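Structure first, commentary second.
Since the structure is predicted, the reported quantities are computational estimates derived from the model, not experimental observations. All chains are named by letter (A, B, ...) in the order of the sequence lines, taking the proteins before the strands, and each is independently numbered beginning at 1.
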There are 2 protein chains.
Amino acid sequence: MHQFDYTPEELMEKAAEMRAYNMIALTAAGSGHTGGTLSVMDIAAVLYLKVINHDPANPGWDDRDRVIWSAGHKAPALYVTLGMAGYFPVEETVKLRKLGSRFEGHPNRLDLPGIEVSTGSMGQGLGVAVGSALRARLDSKNYRVYCILGDGEHQEGSVWEAVMSAAHYQLDNLTGVVDLNGLQIDGTTDTVMSIAPLEEKYRAFGWEVFNVDGHDIKALISVFEKARQVKGKPSVIIARTIKGKGVSFAENVVGYHGIPPKDGRYGNESLERALADILGEKVNDKFPPEKVNHLLGIAEQYRADVESELNNRLPAYGNDYWWNGSGIMRVEMDPTRMGFGRALKETGEDIDTIAFGADITSSIKMDEFFKTNPERKQRFFNMGIAEQNMTTVAAGFAKEGKTSFIGSYGVFVSGRNWDQIRTTLCYNNLNVKIAGAHGGISVGPDGATHQALEEIPLMYYLPNMKLVVPCDSIETEKLTKLVSMIEGPAYIRFGREATPVVTREDTPCEFGMANIIRFRGIRDNFDGAFDTVLSADYADEGEHLSIVSCGPMVAEAMRAAWILKQEYGIETRILNIHTVKPLDVQSLVRAADETGVILTVEEQQTGGFGNIIAGAVTRGRAVGKPLALDMLGINDTFGASGAPWELMKKFGLSAEYIAGMAKDLLDKYRSSLIKTE
Amino acid sequence: MHQFDYTPEELMEKAAEMRAYNMIALTAAGSGHTGGTLSVMDIAAVLYLKVINHDPANPGWDDRDRVIWSAGHKAPALYVTLGMAGYFPVEETVKLRKLGSRFEGHPNRLDLPGIEVSTGSMGQGLGVAVGSALRARLDSKNYRVYCILGDGEHQEGSVWEAVMSAAHYQLDNLTGVVDLNGLQIDGTTDTVMSIAPLEEKYRAFGWEVFNVDGHDIKALISVFEKARQVKGKPSVIIARTIKGKGVSFAENVVGYHGIPPKDGRYGNESLERALADILGEKVNDKFPPEKVNHLLGIAEQYRADVESELNNRLPAYGNDYWWNGSGIMRVEMDPTRMGFGRALKETGEDIDTIAFGADITSSIKMDEFFKTNPERKQRFFNMGIAEQNMTTVAAGFAKEGKTSFIGSYGVFVSGRNWDQIRTTLCYNNLNVKIAGAHGGISVGPDGATHQALEEIPLMYYLPNMKLVVPCDSIETEKLTKLVSMIEGPAYIRFGREATPVVTREDTPCEFGMANIIRFRGIRDNFDGAFDTVLSADYADEGEHLSIVSCGPMVAEAMRAAWILKQEYGIETRILNIHTVKPLDVQSLVRAADETGVILTVEEQQTGGFGNIIAGAVTRGRAVGKPLALDMLGINDTFGASGAPWELMKKFGLSAEYIAGMAKDLLDKYRSSLIKTE
């Protein structure tokens, strides 16, 4: 038996200390989930520092009790709890969400001891808990399994599958803990998609239900003991909590779901204020300014070291070509999602347009549909965290003649509902447009689980599907409007981070046709340095090579063209394949035949896009002509937490890497010509 | 108002007649769902012939009541009901499941008037119904929406998402009808994955609940009227029914889920007996033998016409090369799924192996795990129709050190749970092996919704995933064993239909390495006519072209090699890429460089496999050498119902088509050489 045995008073102190570390880590990270980490903290303290049987010195001990955090976004609470329990020095947690640290935006079990399972996508943890509990029974193990769930998470059907199966198998060694703080990203759970009465639902599904004040340490200790006594069925503890608990400016504030203290957003907000709220008169004793600064300093030093290492590894050239790195070639930055929002606002004028929310409505700019047009709210339907149902409900409208817009982060809205997209949208050929936000690793600190890297192959091979991947916010606006006018399902992939605006209102943009982009010489403004024409209008200029890309990587390809010209005199033909399906095959075949060198560039798993290009090129090109082709992308690995531009360097996606690879490919091509001559 | 106004007695007669047509159609089809179509028939009769407001002459009339069949496999009941209501002549329904007919195995709204939405994958219809009902409110339409659900279907979490949303939006114009027959494919619903108490669950989710005897016409009429009166919330009618109702040998028989009357399977079974059971003394009046024979004759004539058309279109050669078409080159046929079953039986000896069911346990041969080893049943867990939860529960075992085998039809076990595969299996790198059955259109009469055509791109781009696509049942057995010994997640794609056995026990098979297959001359037995070696052991023989394939298409490629040699003297190098990930890149590059001609062949959406090959080849090959590459597969369209080999012809996948395309590609290559010389 390895249990901590703190008194309730000591646990309260520990929980306060954990909240303090949590707020320091979030502040150092500059992002992360204040609300949910504070609401769950007392539960975490009681579990890890009192209730469960575990051994921080031996995290893999097979008789330990398991705690599975299905609500992965509460990771910082998990980290500070593990630190407090001694799995590692708690100070380390200030490296939260920094590139290369073990404290990812969502927990990664392969990085950090004490994490039972990597989570982040809602509604998957309880099933894992069921498996772990069934295994205990099979192998006659006495460990108990706990699963921490959010309340909004209960909108995911997968949770009810797991709930049903736990009762079916009478898993009395399993206890769910619901952090019922009543808020989710889009508002109160009651208004977004009511899960009430949760207690009755669990009872109807055959569980024993306990209610508790989730901030009453003594009550929590007692209720966990009661749950342990339940026989013949699983138990759930519904813990009423306050989101943002302990920090005055965050308590019960919807907007404090996913942000750290930010000055002035909702009043007088700061880390100092948070610590004072949490620790009261003990603040100077426990966390004096020098300690706080020391901790923040650890994080900053770590970040600076990472940055310097990344910059040292970056291919070096004679000049600085970085975005707005010098007075010339200046560019505006704007997230592509803004373009989606602008288009939706306009498209929403049509009264037959319907929009849907999946609890990240504002993040993906779906709220532009009604933000300045409140009368359209009757045509907006929040579905909660339920991507599958959002898809089929949208289909229900579409089959009645409406045009439906659904959306979420790309991982969840292409993958969680793939079967629904296939059968209900594509097989029925229904007019549902899918906004796939957060495409690519440039998502940043949320990390791997939230960085969509596979949507192109997921969508491309579906009959009737159309797929656009616009390069900047202006093109996103144009293409969103274009696909809204085309019958049938369509997917629009866009990103989170601000990326260069490299097109203008008057830049040509035709659905299904590639744009050809050519560097013409250095200008004050980046976009003025390039000519862009429709592929059908383009005449071969005898360029040395082609770069084929889509999405914000087109901007990197353009910067690479600048580097290649400036450093080596190499002329580059850039193909902006904003429409991936239907594909402009002719433009690709021409690029292959006319330049002989093709580099594909994608912010995706390498080949998800590149292999489609390779297939089109090889099927269509002149057989006898030489061709050198290579691909740049993310090489069969998951993303990570970090700042967006750090990640672009880390994964070798920036123009410096593109130019280097293009140069190598051209050299390979040229040397092969010499050999065969 | 367009309503039928039959008396209860007339409705009973209609229902009997519909059951009779249903049994004739199923018999003519040779497959299909006897149990569920008979249990739902009285409900369907009451709905379409009494309750709902509709106009068979104007199926798109916007004020009609909607009936959405979420349980798409009950399609024949829907068809005979629509026929009886006058949407089309009911006799036509005997063309059920035949290639090119409008009566697909699962309903296709684009084919047939009166179908509200195409379904087939469980748990998607209620969401569509919610959307349709919300739209009625938005546009002030008075129509009502009904949704027919199976009971086992309630194991899908997506159903509970829809249930939750209908209550949240207080949809009193929506009524669910649960055909509660208590049986699903794997057994009783109570034993497979209990949904009881369903009534309490619906109440806890905020619905008004009615119970009714689903075979009592008067009670059904009355309960639909009561449901119409409910205000402020959705209503559900839980109709207790008998699976196989009306046909003595099918009533309450689990095995009669998905088969037509089959002589002697469970006793004295026949269409005649079924019709006598259904119609009693009226049988000779209503369905005399000459009428039945006439109806069966319509179906047979239709099938024969289709077959003859397909054969006329088949590329003709000097000889008959069809499988076992003559005394030579004879081959055994065995479904690849049998190989999976044999391997699992053996792998199951390891007590750390766990297997899971998703209600099609026997169909995909997962039951081989325990069939002759009942003591292993404690290591087998049925999860019901809940692919998402099956995946995460299996992960729970895997994280505790077990090797988990999950499986279902490929559409559902790669796509319904894709996000779970990504996050919980791949990101965690857990030891879960996925059996993806029913790959390809050779699935046959179940039709498009059940024919997986996209699994390769879905799985290939996931980090940590391994992917094998074995060519026959022997190779399936070998590769299943091999991947069971490799750490991490893996996907095994196999098919339903019996396909040629083209390897032997002593044929080399190494995970991650392609096999090279060469035709050596006509033999009595097909497999004796070919040599097969590991790619690393193969020395170039100066072949004219390469065919790159995987899965049972390898056998077609081999037959194509025979045709090419026999008809044109062309030598073919066949690459059997049984391991798609990790890919044997070297073997592909060599094939490109050494033969210059590559045809990829896949029973998938064209390019899902072929583009991966094209990418590998173009990145790795010698730049200056000529290369002709093309792809054969299913060209961006859904499958269809039909006999497996009919579908292989219809979609142009048989060897006759492969040989033709290979010949054309070689000609293109040769003529380009002449031009460039």
With ring centroids as reference points, do A:Phe205 and B:Trp160 lie under 6.0 angstrom apart?
-> yes
Reported CG-to-CG distance for the pair B:Leu462 and A:Leu458, which is rounded to 0.5 angstrom | 8.0 Å
Interface check, chain B: of A:Gly610, A:Pro197, A:Gly401, A:Ser194, most non-hydrogen pairs under 4.5 Å belong to A:Ser194
How about B:Thr424 and A:Gln124: does a side-chain donor come under 3.5 Å of a side-chain acceptor?
-> yes
Kindly give the heavy-atom pair with the smallest separation between A:Tyr461 and B:Gly607, and that separation in Å.
-> OH-O, 3.2 Å
In terms of heavy-atom proximity below 4.5 Å to chain B, should A:Lys141 be classed as side chain, backbone, both, or neither?
-> neither
Check the surroundings of atom CG in B:Leu110: do more than 12 heavy atoms from other residues, nucleotides or ligands lie under 6.0 Å from it?
-> yes
Using a cut-off of under 4.5 Å for heavy-atom pairs, which of A:Asn382, A:Leu138, A:Leu629 has the most such pairs with chain B?
-> A:Leu629
Give, as side chain, backbone, both or neither, the part of B:Val413 having an atom under 4.5 angstrom from any heavy atom of chain A.
-> neither
Closest non-hydrogen atoms of B:Arg109 and A:Asn429, given as atom of the first, atom of the second and distance, are NH2-O, 4.0 Å
What heavy-atom pair brings A:Gly127 and B:Asn389 nearest, and what distance separates the two atoms?
-> CA-OD1, 3.5 Å
Just by distance, with hydrogens left out, do B:Asn611 and A:Tyr460 show a side-chain donor and acceptor under 3.5 Å apart?
-> no
Using a cut-off of under 4.5 Å for heavy-atom pairs, which of A:Glu116, A:His106, A:Met383 has the most such pairs with chain B?
-> A:Glu116
Using non-hydrogen atoms only, which part of B:Tyr169 is less than 4.5 Å away from chain A: side chain, backbone, both, or neither?
-> side chain
Can you tell me if A:Arg422 uses its side chain to pair, donor with acceptor, with the backbone of B:Gly415 under 3.5 Å?
-> no
Verify side-chain contact (heavy atoms from CB on, under 4.5 Å) between A:Leu627 and B:Arg621, making sure each step is shown before the conclusion.
-> CA-CA 9 Å; A:Leu627 172 69; B:Arg621 79 189 189 89; 3.8 Å; yes
Main-chain N/O of A:Ser118 paired with B:Asn428 side-chain donor or acceptor, under 3.5 Å | yes
Which atoms of B:Ile634 approach chain A - backbone, side chain, both or neither, heavy atom under 4.5 Å = neither
Counting only heavy atoms closer than 4.5 Å, note whether B:Pro582 contacts chain A via side chain, backbone, both or neither.
-> neither
For each of B:Arg137, B:Met390, B:Gln420, tally heavy-atom pairs with chain A at distances under 4.5 Å, and name the one with the top tally.
-> B:Gln420
From B:Ser158 atom OG to A:Asp419 atom CG, the distance as rounded to the nearest 0.5 Å = 8.5 Å
Chain B interface, residue from A:Cys426, A:Ala167, A:Ala133, A:Gly125 that has the most non-hydrogen pairs under 4.5 Å | A:Cys426
Full working for side-chain contact (heavy atoms from CB on, under 4.5 Å) between A:Glu387 and B:Glu161 = CA-CA 9 Å; A:Glu387 297 78 9; B:Glu161 292 181 6; 5.6 Å; no
Contact winner vs chain A - B:Thr119, B:Val159, B:Thr191, heavy-atom pairs under 4.5 Å = B:Thr191
Determine the option with the most heavy-atom pairs under 4.5 angstrom with chain A, choosing from B:Ile612, B:Asn464, B:Asp636.
-> B:Asp636
Of all of A:Ile421, A:Leu126, A:Asp139, A:Ile456, which one pairs up most often with chain B through heavy atoms under 4.5 Å apart?
-> A:Asp139
Sidechain N-carboxylate O distance under 4.0 Å for A:Arg66, B:Glu400 | yes
Given B:Gln604, B:Glu200, B:Lys402, B:Arg379, the one with more heavy-atom pairs under 4.5 angstrom with chain A than any other is B:Lys402
Note: A:Lys201 and B:Met164 closest approach over all heavy atoms is CE-CE, 4.3 Å
Pairwise distance CG(B:Leu134) to CZ(A:Phe397) - rounded to 0.5 angstrom = 4.5 Å
Determine the minimum heavy-atom distance between B:Val411 and A:Trp418, stating which atoms define it.
-> O-CZ3, 4.3 Å
Which answer fits A:Thr637, side chain, backbone, both or neither, if we ask what part of it has an atom under 4.5 Å from a heavy atom of chain B?
-> backbone
Taking B:Met193, B:Lys581, B:Gln605, B:Lys668 one by one, which has the highest count of heavy-atom pairs under 4.5 Å against chain A?
-> B:Met193
Measure the shortest side-chain to side-chain distance between B:Thr423 and A:His450 over non-hydrogen atoms and say whether it is less than 4.5 angstrom.
-> no
Proximity breakdown for A:Ile351 and chain B, heavy-atom pairs closer than 4.5 Å | neither
Please report the closest heavy-atom contact between A:Gly624 and B:Ser672, naming both atoms and the distance.
-> N-OG, 4.1 Å
Please check if the side chain of B:His168 supplies one atom and the backbone of A:Ile195 the other of a donor-acceptor pair under 3.5 Å.
-> no
Do you know which of B:Ala616, B:Ala395, B:Gly620, B:Gly608 has the most heavy-atom pairs under 4.5 Å to chain A?
-> B:Gly608
If you tally heavy-atom pairs under 4.5 Å between each of A:Asn108, A:Val393, A:Thr391, A:Asp62 and chain B, the highest tally belongs to A:Val393
